[in-house]
Each structure stands twice: as C-alpha cells, then as structure tokens.
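The next block holds one structure in the form of structure tokens; read it before the comments.
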Amino acid sequence: MTSSKPNSIAHSQAPYDPGAIERKWQERWHEQRTNSPDLDRPARPFFQLMMFPYPSAEGLHIGNVFAFTGNDIYGRFQRLQGHTVFEPIGFDAFGIHSENHALKVGTHPMELIPRNIENFRRQLRRVGLMVDWSRELSTTDPAYYKWTQWIFLQLLYKGLAYKKKAAVNWCPSCKTVLSNEQVIAGHCERCGTAVEQRFLEQWFFRITDYAQRLLDDLDWIDWSETTKTAQRNWIGRSEGAEITFEVMGERAGENGAPRITVFTTRPDTIFGATYLVLAPEHPLVPTITAPAQRAAVEQYVARTVKQDLVARKVTEKEKTGVFTGAYARNPATGRDIPIWIADYVLMEYGTGAIMAVPGHDERDFQFAEKFGLPIVRVVAGEGEDAGTPLTTAYTENEAGRLVNSGAFDGLTVAEAKSRIVRWLEERGAGKATVNFRLHDWAISRQRYWGPPIPIIYCDACGIQPVPEKDLPVLLPYIEDFRPDDSGVSPLARHEEWYRVPCPRCGKLGRRETDVSDTFLDSAWYFLRYPSTEVDDKPFDPVRTRTWLPVDMYIGGNEHAVLHLLYTRFITMVLHDMGYLEFAEPFEKFRAHGLIIREGAKMSKTKGNVINPDEHIERWGADTLRTYLMFLGPFEEGGDYRDAGISGVRRFLERLWASAQEARSDGAPDEGVLRKLHQTIKRVGEDIPRLSYNTAIAAMMEYMNTLRADERTPHRAEVEPLVVLVAPFAPHIAEELWERFGHRESVFDAGWPAYDPARIAEEEIDLVVQVNGKTRGKVRVPVDVTQDAALAAALGAPAIAKFVTGTPKKVIFVPKRLLNIVA
RNA sequence: GCGAGAGUGGCGGAACUGGUAGACGCGCUGGACUUAGGAUCCAGUGGGGCAACCCGUGGGGGUUCGAGUCCCCCCUUUCGCACCA
C-alpha cells in the first residue's frame, strides 16, 4: 500500500467493488446477528419504525427504498449515538389490493402473497437495512391475525364495536361491494356498470367517542405539522347548536307532533331559516310526507339510492329536491316553513337535517332560487341594512350585524350566536352542541382476503363473540374466492366453515362472513414486533414497557389520516383497558416526501418506474441509498435524475481511495482537522433534522478539502469520515473500518466527538457594506472590535472609495458584517 | 370552494433566529495524464459589461442600515379534503 504513487489512485491494488462488499457484509450481519438487539436487556432502547409495506407483485418501489433508507439512516445514527436500536419490518399483506391482483392474474392469494413477500424480502435485504430479520411479521399469518381478532373482541366487550346498516357501493353486474376508489365516474372500474348504493349490516368501531381526545393530543405530540393539520381537518370539530322544529298540521300523528332536530353552526341566523331540508334517508321522511306528495317523494328517494356514494357528493351538480308537503314551526319567528328533502343534505353528518338559511348560505341560496323559496336577510354588512336586497348569500360574519331578528337586531354575529342559543335553551327548543366530521370506523369488508371477524350468529342467543380460546378463526382456503351472486362474502359458501355451533348454547349457528378492514391489521402491528415469538398474548407486558411507545416513526403522508388516526384510536382503547401504559403510540412521527423522476411522476403506464434491482446492480446499494438521500430534503422528496448518481458514486470512490492511500506517519494537517471537526458537527446536527441532503453535501465538501491539490490524506483525517458516512453507506463503511484494523462493527464504534475549540477560526473575512451594499471584505481576527473593523475597512481603498465624508452610523454584527451608513 | 406546502443558475438543490444569494452535486468550458476515454485528476462556471461597475431569489407594493427570509396584494403550481350545514 505504501508503494502506491500519489497519481495512481485508479490503479491502487483494491478497486472499489460494491457488489462484492455488499454481499459480504449482508452475510456477515446475518451470521453475527449484528442487527438483532437483545430485546430483554437493552441498555438504551430505541424503537425505530418504518411503515411496513404492502408486498405488491411489482416488487419494491423506489419510493419504498427512499423511505426505508431515510428511516434506516436515522436508526443507524441513533445506534452510533449509543442506543440499542430495534428496527423491525413486516408485511401488510391482507386487503383489497392483494385480492384484486390475485383475481386479475388468476392465482390464489395464499400462493401469490408468500411469493411477493419472498421477493420483497430479497430486495429489501439488498438495500442493506439495519433490520432485525428475526422479528419479521406478516398480517396474513394466523399467529398474527389471531390477535387482530382478539383486538376486535376487546372493542366489542367495551361496547366500542357495534353493528348497523350502512350504505356501500354495489355493482349489480359483478355482484360485489366496491370501495370508493373502484368507482370511476359512477361506474364499476371493472365492468363499467352503473354503481348503486346498497344498505348492508356492517360492523363499526366507535372512534367518534374518542374524537375530542384524538384532537386534543395533537396539541402536544411531536409529529410533522402537515400530518397534524390533516388530522385536525379530518376530525373536523365544529361548534354550533341543535335546534328542534315541531312539525305542524295533520301529519302530527298520535304521539304528539314529530320533532325535527337540525344541526347548525349559525344559530344566529335562525330568523332567516325559511325552510327545512332533510336527507332523503332521514327516518322521519315517510312519517311526515303528505299524501299528495308521497309519490314524488318516494320517487326522489329511490333515485337518490340509485346513485353511488361518490357521485352523490359531487359539488358542482345542480341542486335537486322535493317538497314533502309538511311544515314545521320556526321557533324564533313562529312562522310555519316548508319541509323539503334533498340529496345535498347528508344523513351521515350532524342530524341529517338542516334549517335552510338561503340568505347566508350558498347552498341554501342556490336551492331557494331554483325552487322559489323565500330568502330573508338577517345579517347586514357594512353599508347595508335590513332592506338591502341579497343577490347572493352573504356569508361574511366578521363585520355583520343582525337585522330582521326581533330583539337580537344590532348584535354582532358572535354575540348573537351565544345569546340566541341561550334563548332557545330557555324555551326548550335547542342547545349548544359540538359536532365532528369524523365518522365511526366501518371495519366490515364483504371480501375474502382478510381476517374473519370473530363472531357467531345464533338464532337463540343472537350475536356471540368467538371465545378467545378458539382464536384464531382461520381464513379457510377457498378455491374460488371470487364474489358471487349471493352478495355476501365468499366465506359464506364454505359450508363446513360457515356452519358452526353456538359457543353459548351449542346449537348450530353461523359465522360472520365479513372480514375486517386492512387498517385494523396495521393499527397495532408496532405492538407486536417486540413480542413476535410470544403466542399466549398479543404483546408481552415487560417487552412493551421496555420498547414502547415507538421512538421514531417514519412514513408517507398518504397515511396521515386513516392509518395514523386508527392507530392512535386503538392505542387509546388498549390504554383505557389497562393493556398499555401510554395512550399515544408514536413519540415522534415524520412524514417523508415523494420521489419523482426527471420532473415527472413515476407510473407503470408512463414506463418510467425505477427498478431498484437494476440500479443496485449498476451502482451498488450504498451509492443508490446515498443518492436518494442527496436528491433533496427527506421530508420533501426529490427528483431522481439518472445523470446525477455518478457524483455520489464518485464521492464513495474517493472515500475508498482516500482510505487506501491514507498515511499513518507524520501528523495530520491542522487546517484539514479543523474542517473535519466542523463536518462532524454539521453532519451530527443535520441527521436528527432529517436534513440528509445537506449532511451529504458537508461530507463531500470535506472530501474536497481532504484531497485538495492531490494531497495524500492522513489516516486520522479519513477514519472519522468513515463513521460519518456509515449511516448512509453502511457496507463501504464496514469494509473500510475493517481494513483500518478494527474488529467490531463500525456501528458499535460510536459517533466521533468534535472539539468546539478546534472548530473556531482565528481570522475571518468580515463583509463590509456601504449603505447596505456589499463592497468588499476584510481579513480580521474573529473577536475584532467595531472600531478596529471600521479602521480595517476604511484602510481598504476598494471599500473606502464608497465612503464619502464621515459615517452617520455604523452597524456591526460580530463575525458577520460591518455596514457603514454614510 | 376550503386546508397545507412550494416558486432561487441550464438542472437537482443550499442559505440557523433578517446579515457575502447560489453550499454540494449534475451538466458545461478549459487544462493535465493518456494509444484511447463516455475513466481519473485540477481549475473555472448566475446574467450583462473590456473594465470600474450594474442587474439578479414568480410579479407588484411596503418595513429595515440591510429582505430569498418579515408584512400587504396578485400570479403559477403540488398535495390533501370536498354540498360537513
């Protein structure tokens, strides 16, 4: 090695061969269990979690590689900081995606999924992640979904799981339930038939009971702000009032007049409520409808039901509706107002009924105009009064004052809200309420590929939970898992499975044939990782106390709402039941960005997807990892440009060469060492901020210093850099570390310390401005005084020539600049 | 429509609390070494001008000694949510 001449880097005896090195270290990590921490006796446990992937048939997506690498870097860095890091992985392999793909290629998911997983595992290993492969899990494993079913039962016992009828998208041709994504412009994605709504009995979780807590915790948990905002919007808390309207006239019926309760956020506008609108599905519709209107109403309801759930909610379409023939009394004005039904009112929000205030709500305004209903102004803005005509709904509520509202005239909107609610409360006609946009979580899927919901129906005993000792309820192998005419899950066709004795009375009962939502599988998987070998409980209490909550969770923002909200909910429930000591699952969550390619989104149809295998083959995993992280800020993503990767590869080549050539004799260069310490500081600060791109830039900058003017670096200048690079390019780091003579893994070496004293420069270039314009810089000691700096600046002709007369003012920012204002 | 984010060289992107705009990399230009190079190494590289200098962070105003960064208005764009009463 000593014989190599300075100029013969390319010919040094051991060229950088990523393929060989990466194979070697992946095997070594496996044999020596380098990445399998002792879960029972960790010194400083750190649970580093990435969102587990859905093992698609296409194989690992470059976006997965990006996300997992970013996650891995954080974990490896924590390990270098002295933590015992647990970085598990698993597969989210149940669900409609897998099932649809299986249907498409005509292979049974029970054959297909293990194949996909095998391929994913192979690809993931090649990326060189610090994953503890001994703790891999799959949601499709009965040993796993046994506990998914157990969680369902816990919610059932607590009264948090219940059954009700709910609308689903139904394809009359395929005879199956469709998810919203499978409905394209009102038609079935597969056969093109118009989709309808159907009402099926389904299982729900009462997540709305937790709405306020789920919202409140967002104030303190350390999560990406974008994610927290998305959750706040999704939970959609709104304060308002419920107001009761009495139905008038002969439709009143025997038990007194029916009452309609509406939810509104604008109780202040009640004097302007000129009609009511009920959702077509509202239960009171048949009761109140007048005989003369019955035919029209029934026809309208039938038409609404024909629509699929997506089309129903299209905003732009023309308002439609039908008069019921009934009237209700406005409790504020005492006037009788007509009751209509219209599909713009949704049964699932609020009470399924609204008081329409066309003067101050755009939708109501459109509706009133179309059907000739009265429009009354009850709020006047600046320069308006009670008589100013409304050409459009006036929805401004900052400047408005009440008009045409009896005793409340002249109040501001905010004042009127509380005063009117109080007034209605006193008269028993309303009350202040908080309403949430969040709905209960529908967990039933009328499908095959999921964990069966552990319920048995008995004609004598009703709904019976499967006893815990009988879990798991195994998903049976069904040759033809296609949905059929029956309209229920294919599981209903498997007689021996379907017919089962009632656990209570022993008579023949029937199993629930729905399977549960994939989001339930993924709502608790992080709890399972530390306890994968435990088979008598879902998670071991001691392990759980040691490792949880998760220290750092990284994943995509596409899961900002559903997955992350459901996971928080399940964690809170298990906490309330005493199974967990914490109520929030993830100490810290960060959302990663998206990778695009050459400025465009990657997609199969465009044929511009990146195959990780090919790129690893060509460049090596270390180069690919580092390049992906170099593209841009991890939390924002980046643009994968094929041409750029050579720069990163060159950087690793130069690192390799530097380590090969490094001399041990003599002393390292003081200037280079200062740069080294600055680099250690920068990289150590950038990684925790997920600013991986700038950390890499800092190392590259140091490399330029290290090799400037074709100098031969000293070992003491190179060796710490190997550790800095290790989280990004773990294989080359291990190899060079070993070649430097170390026996232990570089990840057990510890992060190098920097010496603050060494970082400080003695002299700096102080920027000098004259009247705010940069005119030059002067070389001065770091701790220069203002006067000395000014003298130095005025001593420089290039600067002094801009200073005319005596300076009026001098601004001096130590270590930064001097501004002379003339 | 509502909510969140982003507009900086030829390109991807730097710039901590307002303080040298363009770090780092790609590309490009020149040079060195070479039989050769699409390898490697070194140097240069925002625009204009011979130069002194001038102009530059989507557009327009403003605050400040000083603005990519703060404030107001507008444009473009990405991503969520979407008749939520």
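Computed from a prediction, not measured in an experiment: that's the story for all the values here. Below, chain A is the first sequence line, B the second, and so on; all start at residue 1.
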Whichever of A:N704 and A:Y344 has the more 5' nearest nucleotide on RNA chain B, that residue is A:N704
Base, sugar-phosphate alone, or nothing: which one does A:L631 contact when heavy atoms must sit under 4.0 Å apart?
sugar-phosphate
Separation between the C1' atoms of B:rG38 and B:rA6, rounded to whole Å:
36 Å
Syn or anti conformation of B:rG9, syn meaning chi within 90° of 0
syn
Base, sugar-phosphate alone, or nothing: which one does A:R649 contact when heavy atoms must sit under 4.0 Å apart?
nothing
May I ask you to verify if any side-chain N or O of A:K809 is less than 4.0 angstrom from the OP1 or OP2 atom of B:rC65?
yes
Does atom CD of A:E685 have more than 12 heavy-atom neighbours, drawn from other residues, nucleotides or ligands, at distances under 6.0 Å?
yes
Protein-nucleotide distance (A:E685, atom CD; B:rA15, atom P), rounded to Å:
13 Å
Between B:rG19 and A:K773, is there an OP1 or OP2 to side-chain N/O distance shorter than 4.0 Å?
no
As its Watson-Crick or G-U partner within any shown strand, both distances under 3.5 Å, B:rU57 has none
Quick check: any donor-acceptor pair below 3.5 Å linking the side-chain of A:R775 to the base of B:rC65?
no
Rounded distance in Å between the C1' positions of B:rC16 and B:rC2:
34 Å
Go ahead and name the base partner of B:rA43; Watson-Crick or wobble counts if both distances stay under 3.5 Å, otherwise write none.
B:rU29
Name the orientation class of the two ring planes belonging to A:H563 and A:H559 (parallel below 30°, tilted from 30 to 60°, perpendicular beyond 60°).
perpendicular
Between B:rG31 and B:rA67, how far apart are the two P atoms, rounded to whole Å?
42 Å
Just how far, in rounded Å, is P of B:rG12 from CZ of A:F66?
16 Å
Please state how far atom CZ in A:R711 lies from atom C1' in B:rC41, giving the value in whole angstrom units.
16 Å
Report the relative orientation of the aromatic rings in A:Y640 and A:Y627; use parallel for angles under 30°, tilted for 30 to 60°, perpendicular for over 60°.
perpendicular
By nearest-nucleotide position on RNA chain B, the 5'-leaning member of A:K601 and A:K777 is A:K777
Atom CD1 of A:I595 to atom C1' of B:rC79: distance rounded to whole Å?
16 Å
Over 12 foreign heavy atoms within 6.0 Å of NZ, A:K370
yes
Measuring only the P atom in each nucleotide, how far is B:rU77 from B:rG68? A whole number of Å is fine.
25 Å
Can you tell me how the ring of A:F728 sits relative to the ring of A:Y692, calling it parallel under 30°, perpendicular over 60° and tilted otherwise?
perpendicular
What integer number of Å spans the C1' atoms of B:rG30 and B:rC24?
22 Å
Using purine N1 to pyrimidine N3 plus N6-O4 or O6-N4 for Watson-Crick, or N1-O2 and O6-N3 for G-U wobble, each under 3.5 Å, what pairs with B:rC65?
B:rG19
Whether A:Y344 and A:F367 hold their rings parallel, tilted or perpendicular, with breakpoints at 30° and 60°:
tilted
Would one find a side-chain N or O of A:N693 under 4.0 angstrom from OP1 or OP2 of B:rA14?
yes
Please confirm whether the shortest side-chain N or O distance from A:R682 to OP1 or OP2 of B:rC24 is below 4.0 Å.
no
Any side-chain N or O of A:K228 under 4.0 Å from OP1/OP2 of B:rA4?
no
Phosphate contact (B:rU40 OP1 or OP2) by A:R650 side-chain N/O below 4.0 Å
yes
Separation of A:L438 atom CG from B:rA82 atom P, in whole Å?
12 Å
Pair partner, B:rC2 [Watson-Crick or wobble, under 3.5 Å]
B:rG80
In whole Å, I'd like the distance from the CD1 atom of A:I811 to the P atom of B:rA67.
12 Å
Nearest-Å distance once atom P is located in both B:rG56 and B:rG47
16 Å
Under 6.0 Å between ring centres: does that hold for A:W340 and A:F371?
yes
Please determine whether any donor N or O and acceptor N or O are separated by less than 3.5 Å between the side chain of A:K319 and the base of B:rC83.
yes
In Watson-Crick or G-U wobble terms, both distances under 3.5 Å, what is the partner of B:rA36?
none
Using atom CG of A:L652 as one end and atom P of B:rU40 as the other, report the distance to the nearest whole Å.
13 Å
Any residue of residues 634-643 of chain A with a heavy atom less than 4.0 Å from an atom of RNA chain B:
A:D639, A:R641, A:A643
Take atom C1' in B:rU64 and the same atom in B:rU69, then report the distance between them in whole Å.
13 Å
So that I can tick it off, tell me whether A:D364 and A:R266 are bridged by a salt bridge, with the cut-off set at under 4.0 angstrom between side-chain N and carboxylate O.
no
Between A:I596 (CD1) and B:rA6 (C1'), how many Å, whole number?
12 Å
For the P atoms, the ones on B:rA23 and on B:rU8, what distance do you get once it is rounded to whole angstrom?
16 Å
